[in-house]
K.L.:
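Got a structure for you, questions after.
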Amino acid sequence: MDSKDVAPTKVRRYDYAAQFGDDLDELVDDLKSILLSGEYILSEEVGRFESAFADFIGVRHARATNSGTDALIVGFRAVGIQRGDEIITHANTFYATVAAIVLAGGRPVLVDADDRSFLIDIEQAKSAVTGRTRALLPVHLYGKPTPMEPMLAIGRERDLLIVEDAAQAHGASIGGKRAGSFGTFAAFSFHPSKNLSAAGDAGALVTESDDLAHAVEAHRNLGQWVQNDHRLLGINSKMDAIQARVLFTKLKSLERWTSARNEVAQAYRELLHDLPVTFQSNDLGEVHAYHLFQVRTDRRDALAEHLRGLGIDVVVRYPTPIHLQPAFSEFGWRKGEFPVAERLAQELLCLPIRPDMPESEIVFVVNGVREYFGGTPT
Ligand SMILES: Cc1ncc(COP(=O)(O)O)c(C=O)c1O
């Protein structure tokens, strides 16, 4: 947390200039050489980022794609998901988690969220396993890592793949082991909104498996390992060198940024604890990546309006749960089926959280929330 003390008049959700900091000039020089080299797609630059990201997560391989959604799709195709194979995930995730299942040919099976952690309800996930289930797909939502031991235990017992949607959880960990390193594979997003962000869409799949990493190389590259020899029905989803260079530069700061996000979150928790709001649980032994900081209140919409009026960029993630999204109407889910997900959709509000947030902005946001609830300023 930076303690520059200028009274803010607004609080943003992102500050891209701060993300580049002193690295910008060197990065721009490197981008210029990439532009002149013509080595635009995959290339050594992407290979270098893949190795660095795999090391950061603590796995053998990372394979870079055009987006986090594609990392999921390519991964499902590479592990051989067949039409009708069931994949279990939770109703309060982001659209892309479930769209990827469907686009890869699988059948999404939803369970509800846990009311405390806002993550997959593990008991419900266990009960939802059938003879057609191929995979469990927990989402480390908002940056909080899903307790993976119970998920892995269900996987071992029922012979299932465990896939992590780690799109929001770069740098999160449990017992020192990074989110993304537990499952058969994990998908990360580097969308500009994410804790590690490209200058456009980008994503990666990470895995311990040599075979899976090899299969992904063809699945992301039109089915070919060798040019013009299309061995399988692949899509076209390769990262480009410019994104890889941006990501390589930012990766060096990610650990520091995660600690800074945790400091902001801790300040919010302490300075708002006496108000009628609750927070996503924070459990012993985990590092939350705090992609988003959620406050929960049954007066969410009015609070949002109040804070927006003060210039504070709050946002709702996500206002409509998966089972009520029109795109998924073919699955016949009904209103009321996943009550926790429905309540969360009405009660959660994301306060701005950035690693570069000065104390003055944190206090400004806190006082905005306190003012709404009639509390004394901090
Ligand atoms: C939970 C979750 N899954 C998947 C994705 C898809 O990532 P992308 O936007 O890079 O396709 C995102 C990000 O948008 C996400 O938040």
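Both ligands and their constituent atoms are indexed starting at 1 by order of listing.
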K.L.:
Verify whether the ring centers belonging to Phe293 and Tyr268 lie closer than 6.0 Å.
P.N.:
yes
K.L.:
Would you mind listing each N/O atom of ligand 1 next to any protein N/O under 3.5 Å, plus the distance?
P.N.:
from     : atom 1 : to     : atom 2 : distance (Å)
ligand 1 : 3 (N)  : Asp165 : OD1    : 3.2
ligand 1 : 3 (N)  : Asp165 : OD2    : 2.7
ligand 1 : 7 (O)  : Ser189 : OG     : 3.4
ligand 1 : 10 (O) : Gly68  : N      : 2.8
ligand 1 : 10 (O) : Ser189 : OG     : 2.6
ligand 1 : 11 (O) : Gly68  : N      : 3.3
ligand 1 : 11 (O) : Thr69  : N      : 2.9
ligand 1 : 11 (O) : Thr69  : OG1    : 2.4
ligand 1 : 14 (O) : Lys194 : NZ     : 3.0
ligand 1 : 16 (O) : Gln168 : NE2    : 2.8

K.L.:
Between Glu361 and Arg354, does any side-chain N to carboxylate O distance fall below 4.0 Å?
P.N.:
yes
K.L.:
Can you establish whether the number of heavy atoms outside Asp29 located under 6.0 Å from its atom CG is more than 12?
P.N.:
yes
K.L.:
Among residues two or more places apart or on two chains, list those pairs meeting ring pair (Phe, Tyr, Trp, His ring centres under 6.0 Å) that have a residue in residues 204-239.
P.N.:
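Pairs touching residues 204-239 that pass the test: His214-Trp225.
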K.L.:
I need the full list of side-chain hydrogen bond (donor to acceptor under 3.5 Å, both in side chains) pairs touching residues 76-102, with sequence neighbours left out, sorted by first then second residue.
P.N.:
Asp85-Arg134, Glu86-Thr130, His90-Asn92, Thr93-Thr97, Thr97-Asp165
K.L.:
Please list, chain by chain and in numerical order, all residues satisfying side-chain contact (heavy atoms from CB on, under 4.5 Å) with Thr278, sequence neighbours excluded.
P.N.:
Arg296
